[in-house]
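A short worksheet on the structure shown next.
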Amino acid sequence: MEPVVSIIDILGTVAFAISGVITATKKRMDLFGILIIATVTSVGGGTLRDLLIGKSPVSWLLNTTFVYTILVTTIVGVIFRKQLHYVRKSLFLFDTIGIALYTITGTQMGILIDLHPAICVALGTITACFGGVIRDILCNEIPVIFRKEIYASACILGGSVYIGLIHLGATPGVTAIIAGATVILVRTLAVVYELQLPSIYTKAEREQND
Amino acid sequence: MEPVVSIIDILGTVAFAISGVITATKKRMDLFGILIIATVTSVGGGTLRDLLIGKSPVSWLLNTTFVYTILVTTIVGVIFRKQLHYVRKSLFLFDTIGIALYTITGTQMGILIDLHPAICVALGTITACFGGVIRDILCNEIPVIFRKEIYASACILGGSVYIGLIHLGATPGVTAIIAGATVILVRTLAVVYELQLPSIYTKAEREQND
Amino acid sequence: MEPVVSIIDILGTVAFAISGVITATKKRMDLFGILIIATVTSVGGGTLRDLLIGKSPVSWLLNTTFVYTILVTTIVGVIFRKQLHYVRKSLFLFDTIGIALYTITGTQMGILIDLHPAICVALGTITACFGGVIRDILCNEIPVIFRKEIYASACILGGSVYIGLIHLGATPGVTAIIAGATVILVRTLAVVYELQLPSIYTKAEREQND
């Protein structure tokens, strides 16, 4: 399984890095700024998770594969940035696979150090979502995930499925596949059918703000 | 004393979480965003303190009471958000008790690992104030505490009183009560009499910016 | 060498703190806010580095010299803030010496714990640059270093020189001096000749955004 996971891992990193490139170029950042935003989007969630659970040094300091993947992705992404919308669907796929993978890794790490199931799901969600949150903060935006993206819900659901199946005695391999598929399915359905969390605001409130 | 401290702790968590709900709903965040902002406001200061002193995993990962308190508070807060101003005074009281408690906890932790008194006071202030700072950053605002809230000063004063009394040989229990009362008194007087730190800006400078 | 390094260290801290004071007063922060921004600008980069590599407690908690230096600098800086532009050139010099020093310290720490050379350079750059990044985020600005400042490139180059010379067998002392001089030279030339990273944007794109 190892090489397969690695390829998925790299595809996820590429997708996250490109989402960083897209956000950073919109803000007219220079090459250094774009590289930092791409890096933070890719490794930010895992870094925050590692800090919270006290894993040190944090993972990406020990694995240059990710650093080089991000570097190459950023350069290629900047050169072809006008063509990025042609591969939008592939990017969405990679990105979704990436958050599924990150959700599972984060949840597993919580289980490994015997944290409460709810906390494990939180760690999985943080791993998958907070790279994008830090990206948006560095770009001086309210994190998009707090306003309309549904993918946090997909991560919470996927993490819960993972915890549930492990408690029911399923093997980690099967559990990871089912939980990952849950994240991918929920997010894809949400995007295809334009689902959002039910709004808590009245029509008047929403108009006042838009 | 344990149960009393726990109730105070929970009241503080509730007050902080509600201040998060209020800020997040003003920004028209969705349910997930509101939950994250409520969580960050409640546990952010303690998390930063734990990271700085190297306590791992950080406290809230090990205590689901806070997580559930925040979850329930967020849901209730969102449902009754139009009624929140009726309980404004109770919220102010809880919030003030919360920062008093967080100031003392943070200062104590610094003493426990033998840090310099000035650093202990800084840790207490960080514990009490940085949840709100992270909340404001995630909501894309300059932290309110940097511009007009006086409560950082109340924390610094309370932490200093704590350190001073301990050095004079007072028991931790008595010291905590006096230091906590100092924070509560200073903050309440500041709000009642609308005290602010003396402005360093000339009238012309202030007008230019408002 | 120890006292010389300490004086340089303090001059760097002073320069960083003053850059914090300047940014914070522009945002009309109160005294507490200015102090926090000055502190974060000075110790933020080193704190992030310590967190990433798992050094705890983080350095500034153990060394009150920096805390007092920042406190005094902030007070003096606020009092004489209208006169700060008269010492602009000295500040630039101190600041440049500061980033050279921080780059070297950060790179050395990475080497000490056997990280990959590219990661060591990244740690040096983070130490030198992320104080300013956190300052800008707290002030609700897109970090200036992501848009036009060239000094990240100076740090990356200086860190690489350090790693290269150490691998070639140079002594740490000589290496530090040459690498530090590289940072100072590159940054000074960049400012004098108004060099920037080559823009990746077309003229139309830039105008659209300005």
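Since the structure is predicted, the reported quantities are computational estimates derived from the model, not experimental observations. The chains referred to below are lettered A, B, ... by the order of the sequence lines, with proteins before strands, and numbering in each begins at 1.
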Checklist entry - Under a 4.5 Å heavy-atom cut-off, does chain C meet the side chain of B/I137, its backbone, both or neither? => result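 Answer is side chain: those atoms of B/I137 sit under 4.5 Å from chain C.
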Checklist entry - Given a strict heavy-atom distance threshold of 4.5 Å, which part of B/L115 is in contact with chain C: side chain, backbone, both, or neither? => result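 Contact with chain C is through the side chain of B/L115 alone.
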Taking side chain as C-beta onward, heavy atoms only, is [X] less than 4.5 Å from [Y]?
{"X": "C/W60", "Y": "B/L52", "result": "yes"}
{"X": "B/I142", "Y": "C/M29", "result": "yes"}
{"X": "B/F130", "Y": "C/I36", "result": "yes"}

Of the backbone (N, CA, C, O) and the side chain (C-beta and beyond), which part of [X] lies under 4.5 Å from a heavy atom of chain B, both, or neither?
{"X": "C/T25", "answer": "both"}
{"X": "C/I79", "answer": "neither"}
{"X": "C/L51", "answer": "side chain"}
{"X": "C/I37", "answer": "side chain"}

Item to check | For the student: nearest non-hydrogen atoms of C/K27 and B/R147, plus distance | outcome: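 So the two residues come closest at O-NH2, 3.4 Å.
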Next on the checklist: If I compare all heavy atoms of B/G54 with all of C/S56, which pair ends up nearest, and what's the gap?
Outcome noted: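 Answer, listing the atom of B/G54 first, then C/S56: CA-CB, 3.4 Å.
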Name the atoms and distances for all side-chain donor-acceptor pairs under 3.5 Å in residues 121-128 of chain B, with sequence neighbours left out.
from, atom 1, to, atom 2, distance (Å)
B/T125, OG1, B/V121, O, 2.9
B/T127, OG1, B/L123, O, 2.7

Checklist entry - Roughly how far, to the nearest 0.5 Å, is CZ of B/R49 from CG of C/L61? => result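 Output value for this atom pair is 12.0 Å.
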Checklist entry - Would you say the side-chain atoms of B/Y201 pair up with the backbone N or O of C/D30, donor to acceptor, closer than 3.5 Å? => result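 Judged by distance alone, no pair lies under 3.5 Å.
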